[in-house]
Number of protein chains: 2
Amino acid sequence: MTVRAGIVVTGTEVLTGRITDRNGPWVAEQLFALGVDVAHIIVCGDRPEDLAAELRFLADEGVSLIVTTGGLGPTADDLTVATVAEFTGRELHLDEPLRDHIAEIIRRWQGRGGSESASAATAAGIDKQAMVPEGAQSIPPTGTAPGVAVPAGEDPRGRRRLPAILVLPGPPRELQLMWPDAITAPPIDQAIVGHPDMRQNTIRMFGLPEADLAAGLRAAHDAVPGYDDLEITTCLRRGELEIVTRYPVSASGDYTALSNFLVGMYPSQTFSTDGATIDDQLAELLTGRHIATAESCTGGMVAARLTDRAGSSAYVLGGVVSYSNDVKINSLGVPASLIDELGAVSEPVAAAMAEGVMARLGADTAISTTGIAGPGGETPGKPVGTVCFGIGVPGAPTITRTLHLPGDRAAVRERSTTIAFHLLADALRAAAS
Amino acid sequence: MTVRAGIVVTGTEVLTGRITDRNGPWVAEQLFALGVDVAHIIVCGDRPEDLAAELRFLADEGVSLIVTTGGLGPTADDLTVATVAEFTGRELHLDEPLRDHIAEIIRRWQGRGGSESASAATAAGIDKQAMVPEGAQSIPPTGTAPGVAVPAGEDPRGRRRLPAILVLPGPPRELQLMWPDAITAPPIDQAIVGHPDMRQNTIRMFGLPEADLAAGLRAAHDAVPGYDDLEITTCLRRGELEIVTRYPVSASGDYTALSNFLVGMYPSQTFSTDGATIDDQLAELLTGRHIATAESCTGGMVAARLTDRAGSSAYVLGGVVSYSNDVKINSLGVPASLIDELGAVSEPVAAAMAEGVMARLGADTAISTTGIAGPGGETPGKPVGTVCFGIGVPGAPTITRTLHLPGDRAAVRERSTTIAFHLLADALRAAAS
């Protein structure tokens, strides 16, 4: 028996598209890892009647757990707890120790230079945040708002049993810090107990058209006996294909058969079967090396992505964003004549950029990009999306590649960054072998 | 009368948190701009029964329009059109001209080096993509999948009138290219006709605590007569506060009063009342200038964000990512003694970085960052989140600032990038005045 859950994300700023929801996907991923199936993620605004309708919908769909995020602030439009209390027919009461705890947190903040203004309003806000539905358990705040865990129980409208409801704050950092306490709170733990032991594995490929993978999966369907027990989803993202398979532990052998079949069919395109991303692999391959970047069309995105990772200072020296030709010439030593003759978007210029940054920064490894991200800038024979890459590794000539990438400016820049990572990883693997 | 809509985003990869949905927010924003209120955005997986339940929920909630995204591919798990047809009680039929059009698109792709394999499967996939529900209108493909516009009509289960349903493809680029045709298709246009003429305006502030704004809004409530006709939402993002107000055209005077009240209360924190972002403003301020960046903790993010914008090559020369101290010393001319004495995270080093990159790249404007993004790297007196900035503009001494930023590595890096933009914009405004 699969345990199903629903997630309700509240916030007008999310509903209207002004900010991207980070909580729904994050909570889904956590639940998924616990073997809980998320059936629906619903985003709603600040209207309590919409939230109530969504809670009703999810209860009617038979989920065992509803997780809500947001709407726990001190202000009048933060109505999640009141709406959940009303929905579950539970009276709200003021939890006095909780109120004192929140007041203490706010006093500490103000002591650090926060505003002292509006103290009556602040006190009213604190009282509001310390209201807990009857029979529910509060979860200690990680910002100022406590969470609430409401146990499964009778429906006051008598239709059926209501699911457990976990009410979490909206700021992603607060929510994530609260998660360990929240998911182990008895009302929530009881709701998801009995979920089956599920596994999830990911195969990642690069350079394989999606239609070819579809054909490969049809072939696997015939070749792998337990194929139908495997829940397979595929996703094309930034030029990478991700094949995620979820299965009960009892079907582990079938998954291994599928994985072997696909890797056997696409050996050169498969770059990961253990969940590692290209970023993980590149970090590993760069251990003991010193890399420098020389970027034109990606404008710093390759360096930014390399340094996203804690500890990257062990192998990232730095780089040059040579957006103008003068910087290519003066800071990287690209011969001006090369740019004049062949244009800045050319393999010899990409090679000179990589070699230049390697020499000037004292690196042993380098990657360069120069291309036309668009929308303007195309020249005869070089349409928008033309990108040249240079890869320098010690003891081998500089490698160059030219690719023609689809999409708008943002897509070309993002995909170029991913491709730079793959080309560099391939070169480092070849150098090591 | 407000016209309400619901959005259903399909895709297991979105539901399970592996990719962030870009379509829901984008479609919501478009509808919002048309004066259509989005009440619910729902994400579901590839189970047709979940999709059907969501369509039923939205119809029962009385929305006038449902927009679905995704599930239009050629493979067996792409079931949106069939589910919508079943839900609306409309037979599917093969649209032969549409089939020929899709086949032609695929032939052109294959001609450009796509795969020739699996042609029987491909033909079956094309037939599937060319199935259109009775009485619905297909919308020409912008990738390979056509959209479908199903008019509002009778509910085959007789409960009430069903809303119009607009079925769009999942790839964001395809969806966005299709939007103009989709929203003007008669079945959709008829559904949203009669929406009121709504306006939306945004005020942006920087450096104001959220609690102070809440107090300001309470004061505005008393001071602005038509306050209750204004739908105000506030959002804190990357250190910026965004105050979005939506109102019927008849309340324009009330909005002006609100805006004047808030700007009068927070004159130095308000940086935009016309919708412009700090990126827009900085692009304007940099016109005619030449900027260079020198980044340590942001690792290229400032340069990447500056060059996100088409046309930025007019004012971005480039930059140096000086992640290691050697690069700070050798490529930017930061005195080694300064780093030895004060540490790399210090205002004098930030100043030397900005001055160094300005001199070496021949720029007249520069911004530098050096900080401790964490999780490691803290030193006595310099906790994680300590970031120093340097701002160089001509004819004035280099400005430096030190800030202590909350959050994890990613948050510190992102917020540092936003702060760099604000500090630079402030300095350029001061230089111009």
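In what follows, chains carry the letters A, B, and so on, assigned in the order in which the sequence lines appear, proteins first and then strands, with residues in each chain numbered from 1. On a predicted model such as this, the values are computed, not experimentally measured, just so you know.
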Which answer fits B/Ala214, side chain, backbone, both or neither, if we ask what part of it has an atom under 4.5 Å from a heavy atom of chain A? side chain
Looking only at B/Met301, B/Arg409, B/Glu29, B/Arg173, most heavy-atom pairs under 4.5 Å shared with chain A are made by B/Arg409
Euclidean distance, A/Glu54 CD relative to B/Phe57 CZ, rounded to 0.5 Å: 5.0 Å
Greatest number of non-hydrogen atom pairs under 4.5 angstrom with chain B, of A/Ala53, A/Cys44, A/Gly45, falls to A/Ala53
Hey, what do you get for CG (B/Asp50) to NE2 (A/His40), rounding to the nearest 0.5 Å? 4.0 Å
Looking at B/Glu13, B/Arg47, B/Gln30, which has the largest count of heavy-atom pairs under 4.5 Å with chain A? B/Arg47
Can you tell me which portion of A/Ser312 sits under 4.5 Å from chain B's heavy atoms? Options are side chain, backbone, both or neither. both
What part of B/Ser331 is in contact with chain A, defined as an atom under 4.5 angstrom from a non-hydrogen atom: side chain, backbone, both or neither? side chain
Roughly how far, to the nearest 0.5 Å, is the OG atom of B/Ser322 from the CG atom of A/Leu317? 11.0 Å
Verify, without hydrogens or angle tests, whether B/Arg413 (side chain) and A/Thr307 (backbone) share a donor-acceptor contact under 3.5 angstrom. yes
Let me know if B/Ser296 has heavy atoms under 4.5 Å from chain A in its side chain, its backbone, both or neither. neither
Can you tell me how far CG of A/Leu15 sits from CG of B/Asp37, rounded to the nearest 0.5 angstrom? 8.0 Å
What closest approach, in Å, do B/Pro375 and A/Ala310 show between heavy atoms, and which atom pair accounts for it? CD-CB, 3.3 Å
So for B/Val320, is it side chain, backbone, both, or neither that comes closer than 4.5 Å to the heavy atoms of chain A? both
Relative to chain B, which segment of A/Asp46 carries a heavy atom at a distance below 4.5 Å: side chain, backbone, both, or neither? side chain
Heavy-atom cut-off 4.5 Å, strictly under: side chain, backbone, both or neither for B/Arg4 against chain A? side chain
Rounded to the nearest 0.5 Å, what separation is found between the CZ atom of B/Phe32 and the OG1 atom of A/Thr12? 8.0 Å
For the CZ atom on B/Arg22, are there more than 12 heavy atoms of other groups (residues, nucleotides or ligands in this structure) within a distance under 6.0 Å? no
As an exercise, state the distance from CG of B/Asp308 to CD of A/Glu414, rounded to the nearest 0.5 Å. 10.5 Å
